[in-house]
2 protein chains.
Amino acid sequence: MSKLFHEYKNPSLAVDLVIFGYHDKTLSVLLLNRKEEPFKDCWTLPGGFLQMEETFLDTCSRILKTKTGMDDVFLEQLYSFDEPGRDPRGRVIAVGYYALINPARFNIIAGSMANDVKWFDVRKLPKLGFDHEHIFRLSLQRLKSKILYDPVGFELLDELFTITELHELYECILQTTIDRRNFRRKILDAEYVINTGTKREGLQNRHPELYKFNKKLKKNSFQINVNAT
Amino acid sequence: MSKLFHEYKNPSLAVDLVIFGYHDKTLSVLLLNRKEEPFKDCWTLPGGFLQMEETFLDTCSRILKTKTGMDDVFLEQLYSFDEPGRDPRGRVIAVGYYALINPARFNIIAGSMANDVKWFDVRKLPKLGFDHEHIFRLSLQRLKSKILYDPVGFELLDELFTITELHELYECILQTTIDRRNFRRKILDAEYVINTGTKREGLQNRHPELYKFNKKLKKNSFQINVNAT
DNA sequence: TTTCGTTTGCGTCAATTTAACGTGAAGTAA
DNA sequence: TTACTTCACGTTAAATTGACGCAAACGAAA
């Protein structure tokens, strides 16, 4: 006779979040300085254990709300991590999600569990606790390949943006140069964006036109090409 | 004071496998007829619970070995599934993996847990238990997009194969027609395959050259284009 | 008012890639 | 030999890409 269903011992299940934000032409990730062991006083990705009644997305929302003060953001599952030694407290499986945030929308606050919560330039990360360096690297890779064919860039920008701002975002994320005029042509031909007819005022030079994201656009209707990945 | 680490109740963790095989110009998936409740006498994906000391891949191997008699196959993580109602026994999180198999390599055997194990044409699946229809559909989608830029097709073929066989595989998986001559050129230009100098003998017509996979080939060195996805 | 430096928006064009199709050689069977 | 099929390699027009040119639109300086 086999054991009854819940007699088996199960690993703990955690959700870890890679929260990307874009500000001042810099791609950043939100890290949290831990107040408790393990990895006390170390920087880590925000995370938390899955409660019995929660879905992954419920847990994501709870972490976002209590640890950083944010809600209602773009979230996508990244990968699940199972290396036996990844958490010194015991066997913990982590489901990684990544979020795309416009930092202007939120006033980040450190929850009571953390010493501090801060944005870090993705090119200048501190040493991270657990296997979070690994999770982070995978998420950045995913983001880089995703923006080439899926219009998610706008999640990181204001509601209205100029083509130049979108172009700068792509160059920043992909860490490469893309010809400005060819980029414009591709984005417009694909109908990635809709011209609002308004212009951004108060700039030094020619006032660029403001666009908004074309919500009817489907995946794979454009393809940005870059030299290397 | 917070609870001690392992006092929290955790959901069970299962691994479910979508095992793809290609035979007689047909893409098939391996299903298992359950001997026990829930979904007794229903067809489902092979799966099993994660043991405390196992990694996901350990669990995959164990399921493959005990439920189907296979080992040493291509495996890749698909996605993790958390819908609260997906398993009638309680809260079970499933990590989906998919496998690519050359059915000629194995003699499939039903383990003691199953009434039967059988290959099903992916276009003619029976009704599946749990949320396995959902898992299967996602995996097929993944396979379809993956073979466009990643040379995994050879995992489903014999060690030596002809360009025509590879071409038929692509048409079968993508369920579309691809121009034979353009396909050949692209595959050869990308150095997807290496000509072995030998030919397949005993055929009705002209004997085609046999190729093997170029193991030095990296991802993204080719890109197959098709009409729709 | 005019000039200057910069950004923006649109265009051009050669090089490359793609899609669609032709054709002759290699094989078996009649 | 002829007939029929698959295989291997070409050809060509169309589409896309990559690398630029340039003039209009702006604020600032002259």
Side-chain angles (χ1 to χ4, degrees), chain A residues 24-25 147-149 153 157-158 160-172 174 176-212 214 220-229, chain B residues 24-25 147-149 153 157-158 160-172 174 176-212 214 220-229:
Chain A
D24 284 339
K25 304 185 188 177
I147 57 163
L148 299 180
Y149 63 88
L157 299 173
D158 292 339
L160 299 184
F161 51 86
T162 68
I163 305 266
T164 299
E165 286 161 4
L166 188 63
H167 176 242
E168 284 167 350
L169 173 67
Y170 271 76
E171 288 197 334
C172 173
L174 298 169
T176 184
T177 56
I178 304 171
D179 184 89
R180 180 172 47 90
R181 292 146 292 187
N182 293 337
F183 179 83
R184 171 185 298 272
R185 180 179 48 193
K186 199 154 226 177
I187 291 297
L188 290 177
D189 286 355
E191 299 179 278
Y192 186 126
V193 292
I194 297 167
N195 194 326
T196 63
T198 58
K199 300 192 175 198
R200 190 176 296 294
E201 306 291 338
L203 292 181
Q204 191 102 10
N205 301 307
R206 181 172 176 175
H207 297 175
E209 293 170 348
L210 284 168
Y211 291 81
K212 61 181 178 183
N214 176 7
N220 289 316
S221 49
F222 68 101
Q223 170 71 45
I224 305 284
N225 301 302
V226 290
N227 308 340
T229 313
Chain B
D24 285 339
K25 303 186 188 178
I147 56 163
L148 299 180
Y149 62 89
L157 299 173
D158 292 339
L160 299 184
F161 51 87
T162 68
I163 304 264
T164 300
E165 285 161 4
L166 188 63
H167 176 242
E168 284 167 350
L169 172 68
Y170 271 76
E171 289 197 333
C172 174
L174 297 169
T176 184
T177 57
I178 303 172
D179 184 90
R180 182 171 42 90
R181 292 146 293 187
N182 293 337
F183 179 81
R184 169 185 298 273
R185 181 180 39 202
K186 199 155 228 175
I187 291 296
L188 290 177
D189 286 355
E191 299 179 275
Y192 187 125
V193 292
I194 297 167
N195 194 325
T196 62
T198 58
K199 302 192 175 200
R200 190 176 297 294
E201 305 290 339
L203 292 181
Q204 192 103 8
N205 302 307
R206 181 171 175 175
H207 298 174
E209 292 170 349
L210 284 168
Y211 291 81
K212 61 181 178 182
N214 175 8
N220 289 317
S221 50
F222 68 101
Q223 169 71 47
I224 305 285
N225 301 302
V226 291
N227 308 340
T229 313

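So that the names make sense, note that chain A is the first sequence line, chain B the second, and so on, each numbered from 1.
For B/Arg185, the side-chain atoms get nearest to C/dA19 when compared with the rest of C/dT8, C/dA19, C/dT28. Of the candidate nucleotides C/dT23, C/dG9, C/dG5, C/dT23 has the atom nearest to the side chain of B/Arg181.
Counting distance only, with no hydrogens placed and no angle test, the side-chain atoms of A/Arg206 and the base atoms of C/dT7 include no donor-acceptor pair under 3.5 Å. Side-chain to base pairing of B/Asn225 with C/dA19: no donor and acceptor N or O lie closer than 3.5 Å to each other.
Separating the CD atom of A/Gln223 from the P atom of C/dT18 is a distance of 12 Å, rounded to the nearest angstrom. Regarding A/Ile187, its CD1 atom lies at a distance of 15 Å from the C1' atom of C/dG9, rounded to whole Å. Whole-Å rounding puts the A/Asn182 CG to C/dT16 P distance at 16 Å. Rounded to whole Å, atom C1' of C/dC10 lies 11 Å from atom CD of A/Glu209. In this structure, the CZ atom of A/Arg200 is 11 Å from the P atom of C/dG9, given to the nearest Å. At whole-Å resolution of the value, CZ in B/Phe222 and C1' in C/dT16 are 20 Å apart.
In this structure, A/Lys199 and A/Lys186 both approach DNA chain D, and ranking their closest nucleotides by distance from the 5' end singles out A/Lys186. With DNA chain C read from its 5' end, the first of the two nearest nucleotides for A/Gln204 and A/Arg180 is the one closest to A/Gln204.
Between atom OH of residue B/Tyr211 and atom CG of residue B/Leu160 there is a gap of 12.0 Å, rounded to the nearest 0.5 Å. Put simply, CD on A/Glu171 and OG1 on A/Thr176 are 7.5 Å apart, with the number rounded to the nearest 0.5 Å. Here the CD1 atom belonging to A/Ile163 is positioned 13.0 Å from the CZ atom belonging to A/Arg185, to the nearest 0.5 angstrom. Here CD1 of B/Ile187 is found 8.5 Å from CD1 of B/Ile178. Values are rounded to the nearest 0.5 Å. Taken from NZ in B/Lys212 to OG1 in B/Thr198, the straight-line distance is 9.5 Å, to the nearest 0.5 Å.
As judged by a 4.0 angstrom heavy-atom cut-off over every strand, B/Ile163 is placed among residues making no nucleic acid contact. Within the nucleic acid shown, A/Thr164 comes within 4.0 Å of sugar-phosphate atoms alone, with no base atom in reach, counting heavy atoms only.
Bracketed by its first and final contacts, the part of DNA chain D lying under 4.0 Å from non-hydrogen atoms of chain A reaches from D/dT17 to D/dA28 in 5' to 3' order.
Put simply, B/His207 has a side-chain N or O that comes within less than 4.0 Å of OP1 or OP2 on C/dT28.
If you check the side chains of B/Glu209 and B/Asn195, you find a donor sitting under 3.5 Å from an acceptor.
Between B/His167 and B/Phe183, the angle of the ring planes lies from 30° to 60°, which puts this pair in the tilted group.
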